[in-house]
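All chains are named by letter (A, B, ...) in the order of the sequence lines, taking the proteins before the strands, and each is independently numbered beginning at 1.
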Amino acid sequence: MRYWLMKSEPDVFGIDDLKKVKVEPWDGVRNYQARNMMRDQMKKGDKIFFYHSSCKVPGIVGIMQVIKESHPDVSALNPESKYYDPKSTVENPRWFMVSVGFVKKFKRTISLEELKKQTTLQEMPLVRRGSRLSIMPVTKTEWETILSMI
DNA sequence: GCCAACGTTGGC
DNA sequence: GCCAACGTTGGC
């Protein structure tokens with residue numbers, strides 16, 4: 001089993017939304033690196049940190065898990081969707097996603113500011129300046145370090 | 001295949 | 001709202 005971190009803007013879709021709906025297809029990812037991780041590496045049962053970005057206190061707010069492995073992101077096929085991509089077709093889908101399920105919400109946000117201070121987390125793309133990856137792998141050590149910060 | 005222009009992400 | 005750091009696009 002692997003560990004991951006996925007970013008989302010809470011104004012668009014946050015941990016409380018996931019708690020409500022239980023399971024959500026992680027659509028709208030239009031970055032090849034992130035797509036490849038969802039398509040090729042994320043397996044059912046993998047654990048994922050839910051990260052809130054572009055908000056007052058950016059940080060990790062809870063845990064989710066992979067419920068359904070890679071399947072085509074159908075929002076790319078819908079001209080009405082803001083994620084529409086005319087280059088993606090039913091026969092040859094360009095974008096893939098996984099579906100994630102709610103596991104838990106932390107009692108508090110582990111802020112980016114705190115994460116940056118942890119010496120053992122310096123290798124995470126998350127704390128790197130200019131890193132825009134919305135999905136990234138997390139090592140077991142990093143996972144446990146972050147859990148110990150709650 | 002290079003690279004300038006443009007668009008997006010996301011912290012601050 | 002600013003802007004740095006990327007990724008993508010498209011002309012050549």
Interatomic distance where [atom1] belongs to [X] and [atom2] belongs to [N] [whole Å]:
X: A:D85; N: C:dG7; atom1: CG; atom2: P; answer: 18 Å
X: A:K56; N: B:dC12; atom1: NZ; atom2: C1'; answer: 14 Å
X: A:L5; N: B:dT9; atom1: CG; atom2: C1'; answer: 15 Å
X: A:R94; N: C:dG7; atom1: CZ; atom2: P; answer: 17 Å
X: A:Y83; N: B:dG7; atom1: OH; atom2: P; answer: 19 Å
X: A:D11; N: B:dG11; atom1: CG; atom2: P; answer: 13 Å
X: A:Y32; N: C:dT8; atom1: OH; atom2: P; answer: 7 Å
X: A:M6; N: B:dT9; atom1: CE; atom2: P; answer: 15 Å

Closest approach to the side chain of [X], judged atom by atom: which nucleotide of [options] is it?
X: A:P58; options: B:dG10, B:dG11, C:dT8; answer: B:dG11
X: A:R132; options: B:dG11, C:dT8, C:dC6; answer: C:dC6
X: A:K87; options: B:dG11, B:dT8, C:dT9; answer: C:dT9

**OP:** For the residue pair A:I63 and A:I48, establish whether any side-chain heavy-atom pair is separated by less than 4.5 Å.
**Re:**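 No, their side chains stay 4.5 Å or more apart.
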**OP:** Name the nucleic acid region contacted by A:K116, choosing base, sugar-phosphate or nothing; use a 4.0 angstrom heavy-atom cut-off, strictly under.
**Re:**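 Sugar-phosphate contact only.
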Subject >> Touch class at under 4.0 angstrom, heavy-atom based, for A:R129 against every strand present >> reply: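 Since only primed, P, OP1 and OP2 atoms lie under 4.0 Å of A:R129, the category is sugar-phosphate.
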Original post:
Taking only residues two or more places apart in sequence or in another chain, which ones pass ring-ring contact (aromatic ring centres under 6.0 Å, His included) with A:W4?
Top reply: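 None.
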Subject >> Below 4.0 Å: OP1/OP2 of B:dG11 and any side-chain N or O of A:Y51 >> reply: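 True: A:Y51 side-chain N/O within range (under 4.0 Å) of B:dG11 OP1/OP2.
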Original post:
So, is A:K7 near the phosphate of B:dG10, with a side-chain N or O under 4.0 Å from OP1 or OP2?
Top reply: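 Answer is yes, contact under 4.0 Å.
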Original post:
Just by distance, with hydrogens left out, do A:R2 and A:T139 show a side-chain donor and acceptor under 3.5 Å apart?
Top reply: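 A:R2 vs A:T139: no donor-acceptor pair found between side chains.
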Subject >> Qualifying side chain to side chain donor-acceptor pair (under 3.5 Å) pairs with a residue from residues 60-72 of chain A, counting only residues at least two apart or across chains >> reply: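 Listed once each, the pairs are A:H71-A:S99.
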**OP:** Over 60° means perpendicular and under 30° means parallel, so classify the ring planes of A:F49 and A:F106, tilted if in between.
**Re:**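 Because their plane-to-plane angle is over 60°, the rings of A:F106 and A:F49 count as perpendicular.
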